[in-house]
Amino acid sequence: MRADRWLIAALLFLVGGLWLIFAWCHGNVGLSVAFPAEGTKLGIDFTSTGWPVMVGLPLVFVGLVLMLLALIGAFITLFRGSEAGPEEDSITRLKIPFDE
């Protein structure tokens, strides 16, 4: 199982879904810094409505599932190792007869 292809697909789905959600959102971000640091606040408020949410959320969900599959596949190939050895029909430099 090649985890890199699953990871690329997951990244495309996640980026596409998040882009749809955040491209058509309305909101604001506020940061107030205070001393001592316990008084520092970050407020993020956004609202996204309509078809971007209905399309974006399933894309994000599919991307998260694909990323989980890529992680599982990477762990499986990490611990399983390579089962396939060199093929018997392959020609290597060691099997070529020496001609003078």
Side-chain angles (χ1 to χ4, degrees):
M1 176 183 261
R2 299 210 28 154
D4 54 350
R5 294 178 183 161
W6 290 98
L7 188 62
I8 291 171
L11 197 67
L12 288 175
F13 276 98
L14 277 173
V15 168
L18 290 175
W19 178 78
L20 278 174
I21 291 172
F22 288 121
W24 281 279
C25 76
H26 305 284
N28 58 10
V29 177
L31 174 67
S32 66
V33 180
F35 183 78
E38 290 84 18
T40 302
K41 296 179 191 176
L42 172 66
I44 300 174
D45 180 30
F46 72 92
T47 303
S48 186
T49 58
W51 68 270
V53 175
M54 296 180 66
V55 175
L57 281 179
L59 285 176
V60 169
F61 179 72
V62 169
L64 289 174
V65 169
L66 287 175
M67 192 161 295
L68 181 67
L69 288 175
L71 181 68
I72 291 171
F75 276 120
I76 287 174
T77 56
L78 178 70
F79 291 119
R80 183 179 62 186
S82 177
E83 293 178 3
E87 297 178 11
E88 293 297 324
D89 295 335
S90 66
I91 298 173
T92 61
R93 293 188 60 80
L94 297 176
K95 293 182 180 179
I96 296 174
F98 182 72
D99 292 329
E100 289 188 34

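Everything numeric in this text was worked out from a predicted model, so none of it was measured.
The distance from atom OG1 of Thr40 to atom CG of Leu31, rounded to the nearest 0.5 Å, is 7.5 Å. Between the CD1 atom of Ile8 and the CG atom of Leu11 there is a distance of 8.5 Å, given to the nearest 0.5 Å.
A single hydrophobic cluster is seen to contain both Leu69 and Val62, as judged by linkage of ILVMFWY side chains at heavy-atom distances under 4.5 Å, directly or through other members. Taking hydrophobic clusters as Ile, Leu, Val, Met, Phe, Trp and Tyr residues chained together by side-chain heavy-atom distances below 4.5 Å, Leu68 does not share a cluster with Leu12.
Residues that satisfy the side chain to side chain contact (heavy atoms under 4.5 Å, CB included) test with Leu57, not counting sequence neighbours, are Ile21, Val53. Taking the side chain to side chain contact (heavy atoms under 4.5 Å, CB included) definition, one finds that Leu64 meets it with Leu14, Val60, sequence neighbours left out.
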Check step by step if side-chain contact (heavy atoms from CB on, under 4.5 Å) holds for Leu71 and Leu7. CA-CA 8 Å; Leu71 181 68; Leu7 188 62; over 6 Å; no
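The two residues Ser48 and Cys25 make their nearest non-hydrogen contact at CB-CB, 3.9 Å.
Phe13 pairs with exactly one of Leu18, Leu59, Val65 by the side-chain contact (heavy atoms from CB on, under 4.5 Å) rule, that one being Leu59.
Listed by first and then second residue, the ring-ring contact (aromatic ring centres under 6.0 Å, His included) pairs involving residues 36-65 are Phe22-Phe46, Trp24-Trp51 (not counting sequence neighbours).
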